S.K.: 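Before I ask anything, here is the structure I am working with.
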2 protein chains.
Amino acid sequence: MALRHAVLAALLDEELSGYQLAKAFDLGVANFWHALPQQLYAELARLERDGLVTGRDVVQDTRPTKRLFRVTGAGLAELDRFTASASKPSFLRDDLAVMVQAADHVDAGRLIERLTERAAVARAKTELFGTLLRTMRGDRSEEEFLRHGERIGPYLTCLRGLAFEQGNHDWCERTIAVLRERRAARAGG
Amino acid sequence: MALRHAVLAALLDEELSGYQLAKAFDLGVANFWHALPQQLYAELARLERDGLVTGRDVVQDTRPTKRLFRVTGAGLAELDRFTASASKPSFLRDDLAVMVQAADHVDAGRLIERLTERAAVARAKTELFGTLLRTMRGDRSEEEFLRHGERIGPYLTCLRGLAFEQGNHDWCERTIAVLRERRAARAGG
DNA sequence: CCACCATACTCAAAAAAGTGAGTAGTCATA
DNA sequence: TATGACTACTCACTTTTTTGAGTATGGTGG
């Protein structure tokens, strides 16, 4: 159950409400741990019940009252304990790969459509991650930032996300090229 | 619900029993769709109920009787329909990345241990995938195989798996180097 | 002024995935 | 001769994830 640890890790830098956490997740943590807002609200409630985070209500004039959470000492200890335990292998879970596995038995044109869509999504994500990385390191070079920066965890996970999406993009393009060439060869021969 | 489509895709080439399917999954399909044997048995039963696969009992002398499944016409149609639908974005789900996200707040030594373990696993998988790819293409070059091979789906998904594990490996090594350098700088300064 | 989007959540339920144990025979290894 | 590993499954259970709604208010664009 790493969702709870992902939430703790996301709350390390800032005090956030469930709503803000959901946004932060979408932007950062979702690269390696996707979760829906409902899960986050539920998890925050459990974490508070277990004393790993504390919440406080913040009344706002124009917006509804929100509840901000921050990690407690017990929460930090829990994260540390988590790091000491063996990590499960990371899984890729990909609809598109299932389709490609069946490539020789399904319509190639439609498969190329799906791959093209995915390539575009992957491209957009790499650009987003590039921007995020530049924002995090400010005017420092990556080497310099990673050597002396204060908070490098999110930067390092963002690097993984970037490489992952570049991998997605490259694979889509390569697969599209292969499928097109085979279609052309079949049409020509 | 792509497990059912992953199972269909895995059964395209060969008639397999649940047990064999579990093995085949571990070796190939698990790269993009992990599932436990129990899930596969249950899914095969559902697929047969729905007419997307048919099973036949094979009595063996020394081994228990097994039930072999193959994809039906309806199963192929279902796969084709699946390919026509939009694919969901692929998610990375990684314990280790959660730990790295918290890198600045947890014990660096233990994190390096986890990363080292993962790097080794990733390395082993890249070697396995390399072997698998060579086996699939036989004595042909990759270009040649992808142009004229009969069954390229599994090859293409294996390429994705290879790149993914190489990405894992590179990221682990890079992250280890960064953490070590920071630790050294802290100890020295 | 009305639709729509953003904030800030909650609730219920279904579906999917994972955990743990058990059955039962065969074969190799020590 | 027992120990464990492999074939080939099944069953029960829990946890996790997803789906789909619903509440309530305030601001923005046309």
Side-chain angles (χ1 to χ4, degrees), chain A residues 1-7 15-27 29-30 32-50 53 55-69 85-95 98, chain B residues 1-7 14-27 29-30 32-50 53 55-69 82 85-95 98:
Chain A
M1 54 168 177
L3 174 59
R4 72 181 331 180
H5 303 109
V7 169
E15 203 178 19
L16 295 172
S17 67
Y19 189 83
Q20 292 171 301
L21 180 66
K23 303 237 147 190
F25 243 69
D26 267 0
L27 224 77
V29 181
F32 52 90
W33 208 278
H34 170 80
L36 297 164
Q38 293 95 312
Q39 281 175 272
L40 299 177
Y41 284 114
E43 196 57 55
L44 282 170
R46 274 191 293 269
L47 284 166
E48 188 173 22
R49 187 200 60 198
D50 298 344
V53 306
R56 63 184 181 94
D57 284 326
V58 174
V59 182
Q60 301 173 109
D61 338 333
T62 69
R63 299 277 159 215
T65 295
K66 63 183 173 183
R67 193 164 176 78
L68 293 182
F69 296 92
S85 68
S87 70
K88 292 185 185 161
S90 71
F91 295 127
L92 202 52
R93 184 151 279 190
D94 192 347
D95 267 9
V98 174
Chain B
M1 52 166 179
L3 173 60
R4 70 182 330 178
H5 302 108
V7 169
E14 311 162 86
E15 203 177 19
L16 294 173
S17 69
Y19 190 80
Q20 292 172 301
L21 180 65
K23 302 238 147 190
F25 243 68
D26 267 0
L27 223 78
V29 179
F32 53 88
W33 208 276
H34 170 80
L36 297 163
Q38 294 94 315
Q39 282 174 270
L40 299 177
Y41 284 114
E43 195 59 54
L44 282 170
R46 273 192 292 270
L47 284 166
E48 188 173 22
R49 188 200 59 199
D50 298 345
V53 305
R56 64 185 179 96
D57 284 327
V58 173
V59 183
Q60 302 172 109
D61 339 333
T62 69
R63 299 276 159 216
T65 296
K66 63 183 174 183
R67 192 164 177 78
L68 293 182
F69 295 92
F82 174 62
S85 68
S87 70
K88 291 184 185 162
S90 71
F91 295 126
L92 204 51
R93 182 150 282 193
D94 193 347
D95 267 8
V98 174

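Keep in mind it's a predicted model, so treat the numbers as computed, not measured. The sequence lines fix the lettering, A, B, ..., with proteins before strands; numbering per chain opens at 1.
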S.K.: Can you tell me how far apart CD (A:Q39) and NE2 (A:H34) are? Round to the nearest 0.5 Å.
M.R.: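 Between A:Q39 CD and A:H34 NE2, I get 7.0 Å after rounding to 0.5 Å.
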S.K.: Does C:dT7 have OP1 or OP2 sitting under 4.0 Å from an N or O in the side chain of A:S17?
M.R.: no
S.K.: Counting side-chain heavy atoms from C-beta on, which of C:dC9, D:dA8, D:dT19 comes nearest to B:Q60?
M.R.: D:dA8
S.K.: Return the value, rounded to whole Å, for the distance between atom CG of A:D61 and atom P of D:dA24.
M.R.: 21 Å
S.K.: Expressed as a whole number of angstroms, how long is the span from B:K88:NZ to D:dT18:P?
M.R.: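 Between P of D:dT18 and NZ of B:K88: 8 Å.
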S.K.: Separation of B:Q39 atom CD from C:dA15 atom C1', in whole Å?
M.R.: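 Spelled out: CD on B:Q39 to C1' on C:dA15 is 12 Å.
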S.K.: Considering only D:dT17, D:dC6, C:dT10, which nucleotide approaches the side chain of A:Y41 most closely?
M.R.: C:dT10
S.K.: Hey, is A:R67 close enough to A:D57 for a salt bridge, meaning N to O under 4.0 Å?
M.R.: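 Here A:R67 pairs with A:D57 in a salt bridge, since their nearest N and O are under 4.0 Å apart.
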S.K.: Looking at A:K23, I'd like to know whether one of its side-chain N or O atoms comes within less than 4.0 Å of OP1 or OP2 on C:dT7.
M.R.: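 Indeed, a polar side-chain atom of A:K23 lies that close.
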S.K.: With nearest nucleotide decided by heavy atoms, which residue, A:A2 or A:L36, maps closer to the 5′ end of DNA chain D?
M.R.: A:A2
S.K.: Identify which nucleotide among C:dG18, D:dC9, C:dT19 has an atom closest to any side-chain atom of B:K66, counting heavy atoms from C-beta outward.
M.R.: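 Closest nucleotide among those given: D:dC9.
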S.K.: Side chain of A:R63, heavy atoms from C-beta onward: which of D:dA8, D:dG26, D:dT16 has the nearest atom to it?
M.R.: D:dG26
S.K.: Whole Å only: how far is the CG atom of A:L68 from the P atom of C:dA8?
M.R.: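 Rounded to the whole Å, the gap is 9 Å.
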S.K.: Can you tell which of D:dT18, D:dT17, C:dA17 lies closest to the side chain of A:H34?
M.R.: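 Of D:dT18, D:dT17, C:dA17, D:dT18 is nearest to the side chain of A:H34.
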S.K.: Would you mind checking if B:K88 and A:D94 are paired as a salt bridge, meaning a charged N to carboxylate O distance below 4.0 Å?
M.R.: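 Between B:K88 and A:D94 there is no salt bridge, as every charged N stays at least 4.0 Å from the carboxylate O atoms.
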S.K.: For the atom pair CH2 (A:W33) and CZ (A:R4), what is the distance rounded to the nearest 0.5 Å?
M.R.: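 It is 13.0 Å, given to the nearest 0.5 Å.
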S.K.: Expressed as a whole number of angstroms, how long is the span from B:L40:CG to C:dA16:P?
M.R.: 14 Å
S.K.: Using a 3.5 Å distance criterion without hydrogens, assess whether the side chain of B:E43 forms a donor-acceptor pair with backbone atoms of B:L3.
M.R.: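 Side chain of B:E43 to backbone of B:L3: no pair is present.
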S.K.: Nearest-Å distance, CG (A:L3) to C1' (C:dA17)?
M.R.: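 Nearest whole value for this atom pair: 15 Å.
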S.K.: Rounded to the nearest 0.5 Å, what separation is found between the NE2 atom of B:H5 and the CZ atom of B:F82?
M.R.: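 B:H5 NE2 to B:F82 CZ: 5.5 Å, rounded to 0.5 Å.
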S.K.: Provide, to the nearest angstrom, the distance between the CZ atom belonging to A:F91 and the P atom belonging to C:dA16.
M.R.: 19 Å
S.K.: Quick one: is C:dA8 close enough that its OP1 or OP2 comes under 4.0 Å of any side-chain N or O from A:T65?
M.R.: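 For C:dA8, OP1/OP2 do not have a side-chain N/O of A:T65 under 4.0 Å.
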S.K.: Hey, which sits more toward the 5' end of DNA chain D by its nearest nucleotide, A:R46 or B:R67?
M.R.: B:R67
S.K.: Using a cut-off of less than 4.0 Å, is there contact between a side-chain N or O of A:Q38 and OP1 or OP2 of C:dC11?
M.R.: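 A:Q38 to C:dC11 OP1/OP2: no side-chain N or O under 4.0 Å.
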S.K.: According to a strict under-4.0 Å criterion, is B:R93 in side-chain N/O contact with OP1 or OP2 of D:dT16?
M.R.: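 Indeed not, no polar side-chain atom of B:R93 lies that close.
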S.K.: Side-chain N or O of B:Y19 less than 4.0 angstrom from OP1 or OP2 on D:dT7?
M.R.: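 Yes, within the criterion.
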S.K.: Could you tell me the separation between the CG atom of A:L21 and the P atom of C:dA8, rounded to a whole number of Å?
M.R.: 13 Å
